[in-house]
Amino acid sequence: MSIIKAEGIYKTYNETHVPVNALNGVDLQIEQGEFTAIVGPSGSGKTTLLNIIGGLDLPSKGNIFIEQTNLKDLSSKQLIDFRLHHIGFVFQAYNLIPVLTAKENTEFIMVLQKRPKKEREEKVKELLEAVGIGDKANHRPGQLSGGQQQRVAVARALASQPKYIIADEPTANLDSKSTHELLDLMADMNKKYQTTFIFATHDQRVMDKARRIVTLDDGKITSDETFDR
Amino acid sequence: MLAAIAWRNLWRNKLRSSVIFASITIGIIGAVITDGFMAGMTDQRADAAIANEVSNIQIHNPEYLLNQEIKYTIPDAEGMVTKIRGLSEVKGVSLRLKINAMAASANAGAGINLYGVQPDAERKVSNLHNLLVSGVYLKNDQRFPAVIGQKLAKKLNIGVGDKLIVTLTDTTGTITSGAYNVVGIYKTANDIFDESHVFVKRSDLSKLVGFPDTTGDEIAILLTNNEQTQQVVDKLNKLFAPMVKQKAILIQSWEQIQPLIKSMIDMMDYFSYLFLLIILAALAFAIINTMLMSVMERTREFGMLMALGMNRRKIFTMILTETIFLSIIGALLGLGISILIVNYYATHGFDLSSVARGMNYLGYSAQIFFRVNSQFYIMSMVLVVIIAMLSGISPAMKALKLQPATAIRENN
């Protein structure tokens with residue numbers, strides 16, 4: 001069964017009273033364990049689609065199912081709770097809470113989930129080791145490089161034990177070496193934890209790693225290819 | 001963890017937080033010192049009034065209070081004094097013969113309140129014997145001694161050893177005069193009192209007006225603890241219930257005798273809180289401004305937190321907690337420094353000698369010993385935190401209106 005099922009998604013913004021159609025009937029299914037990139041030129045609707053898949057925004061028309069749950073049926077409070085327990089996020093920048101250490105940032109999501117302290121501590125240790133930041137657990141974001149901060153963000157996303165992780169341009173601010181390291185890390189985590197990753201990107205290096213590439217243009221899917229990598 | 005984040009957020013912009021700490025600190029210091037000064041001034045006035053002028057409780061014939069005529073004496077005054085002395089709360093009791101009179105020297109004249117007192121008993125209810133600037137206090141073995149205020153001495157241009165002539169109406173309604181020897185000159189902080197109160201031996205005055213020595217028209221009672229005043233008034237009303245019922249006597253506390261002082265104390269309290277609230281209202285705007293800046297600078301961060309699944313209630317709580325921390329630090333600093341300043345001036349006094357004449361004329365001492373009761377400190381702290389919480393609501397509400405999908409892409 002698909003983990004994500006988008007049916008006839010339309011999204012219209014009414015900015016400055018002139019309707020802008022960001023998505024024009026998108027149908028998409030994503031299976032458990034996928035490593036998918038949503039690509040397309042600027043303004044093609046990839047961020048809008050990612051926001052809708054991530055439960056940050058709701059479609060103007062159409063339905064978005066996460067397993068059995070139609071996100072359109074949830075209240076705003078339920079949606080926040082749903083994101084907390086089922087969706088992980090890695091953003092382009094400003095990913096971490098600046099006043100918390102790497103360890104605390106990773107633990108933070110589990111605190112919100114009200115998981116027991118012992119479990120949190122064990123999980124944080126395991127994840128920070130897994131993303132290669134174990135020795136910098138007590139560093140604050142300001143003391144870490146961009147690549148290291150994104151690794152902490154990946155650890156935090158995994159810590160919530162989500163059904164899938166949304167990553168919006170996660171490599172946009174990284175140099176080439178850090179980009180490769182981060183992508184390798186996410187690919188490893190995808191294999192190790194069977195976590196589904198969905199990227200919005202126009203970074204060729206991300207596309208080269210993705211096993212499925214969904215291309216959007218003018219709010220519609222123009223191609224959907226899978227690769228054996 | 002929310003509290004930890006809120007606490008650490010305070011120190012992200014140290015300069016901005018420090019400006020708010022300083023504002024709250026200075027505001028609190030201003031309010032506490034003003035209260036300390038005003039409360040010190042009025043309390044001192046009340047203490048002085050009790051110690052030198054009215055004592056804690058006075059008993060009169062109610063007719064005397066209306067007409068001020070000497071015929072309205074207190075029935076069985078000596079018997080009452082003996083009973084009052086037996087009360088454990090009582091430090092001293094003095095039976096006085098108080099008469100309106102004219103005082104004259106060779107140079108000038110003035111209207112006065114002439115008090116006939118029994119020296120040993122009077123020493124126990126009044127502090128005047130400790131406020132002599134020259135000469136000595138009344139003694140039983142002196143012949144027609146009088147103690148007068150410095151202000152009156154200046155007005156009449158007399159000093160210790162000089163004669164003071166008093167003219168009054170005796171029990172028969174005849175105007176009569178007596179000569180007294182000035183043996184001592186006192187000075188209180190109240191010029192009006194000093195100008196109008198003359199003390200002589202009750203035995204001398206009784207003889208002059210034609211009363212037996214046991215007669216009096218005022219019983220002054222000093223208590224060991226001022227707080228017990230009302231309690232003792234109630235006790236005396238019970239003790240002398242038949243006389244009270246017959247309206248032969250009226251028992252009054254110092255607050256009833258000097259209502260102006262009591263209302264001054266209440267008014268100063270009111271002004272202290274009013275002043276504190278004005279300061280806090282100004283601070284509220286500074287806090288709102290700071291927290292708004294802080295929230296607007298962190299739009300993306302709040303967007304990220306909401307995206308991750310931090311609910312609005314927690315975000316609201318976090319911002320409010322930041323505001324409360326901000327105010328508590330400022331308030332503690334302010335209270336700490338205020339306590340030091342108040343304690344210093346409570347011991348050393350705040351010197352207002354440059355305006356001493358005006359202060360004394362109004363009955364206030366020119367050396368103000370600050371007093372702040374613990375209730376004012378606690379209320380300052382509580383009010384600061386309440387004002388800060390109220391000030392934090394608007395910025396917090398602003399953060400709650402953010403949409404995570406757009407907030408996370410804000411350019412700030």
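Just so we're clear, the structure is a prediction, and the values are computed from it rather than from any experiment. Letters go in sequence order (proteins before strands), and every chain restarts at 1.
- The salt bridge (Lys or Arg N to Asp or Glu O under 4.0 Å) test applied to A:E7 returns A:K5, not counting sequence neighbours.
- Every residue was checked against the salt bridge (Lys or Arg N to Asp or Glu O under 4.0 Å) condition with B:E255, not counting sequence neighbours, and none meets it.
- Residues of residues 305-315 of chain B that come closer than 4.5 Å to chain A, counting heavy atoms only, are B:L305, B:M306, B:A307, B:L308, B:G309, B:M310, B:N311, B:R312, B:K314, ordered by residue number.
- When heavy atoms are compared at a cutoff of 4.5 Å, A:D81 does not approach chain B at all.
- Both the backbone and the side chain of A:I97 come within less than 4.5 Å of a heavy atom of chain B.
- No side-chain heavy atom of A:I198 sits under 4.5 Å from any side-chain heavy atom of A:E34.
- Taken to the nearest 0.5 Å, the CD1 atom of A:I66 stands 7.5 Å off from the CD1 atom of A:I53.
- Between chain B and the residues A:P98, A:G54, A:G55, the largest count of heavy-atom pairs under 4.5 Å involves A:P98.
- In this structure, the side chains of A:T195 and A:Y164 stay at 4.5 Å or more apart for every pair of heavy atoms.
- Atom CG of B:L283 sits about 12.5 Å away from atom CD1 of B:I278, to the nearest 0.5 Å.
- At least one side-chain heavy atom of B:Y377 sits less than 4.5 Å from a side-chain heavy atom of B:V342.
- Side-chain atoms of A:D203 and A:T201 form no donor-acceptor pair, as typed in the model, at a separation below 3.5 Å.
- Interface summary for chain B: among A:L100, A:D57, A:T48, the most heavy-atom pairs under 4.5 angstrom belong to A:L100.
- Comparing A:F89, A:F108, A:F82 by heavy-atom pairs within less than 4.5 Å of chain B, the highest count is held by A:F108.
- A salt bridge (Lys or Arg N to Asp or Glu O under 4.0 Å) with A:E119 holds for exactly one of A:K123, A:K117, A:R115; it is A:R115.
- Note: B:S23 OG to B:I279 CD1 = 11.5 Å, rounded to the nearest 0.5 Å.
- Considering CG of B:L335 and CE of B:M381, their distance stands at 6.0 Å, rounded to 0.5 Å.
- Proximity to chain A among residues 31-43 of chain B is not found for any residue, judged by heavy-atom separations below 4.5 angstrom.
- Taking the six-membered ring where the residue is Trp, B:W11 and B:F21 present tilted rings, their angle falling between 30° and 60°.
- Looking at heavy atoms from C-beta onward, B:R8 lies in side-chain contact with A:R140 at the 4.5 angstrom threshold.
- With a threshold of 4.5 angstrom between heavy atoms, A:E104 approaches chain B through its backbone and through its side chain.
- For the set A:V99, A:L84, A:L56, the entry with the most heavy-atom pairs within less than 4.5 Å of chain B is A:V99.
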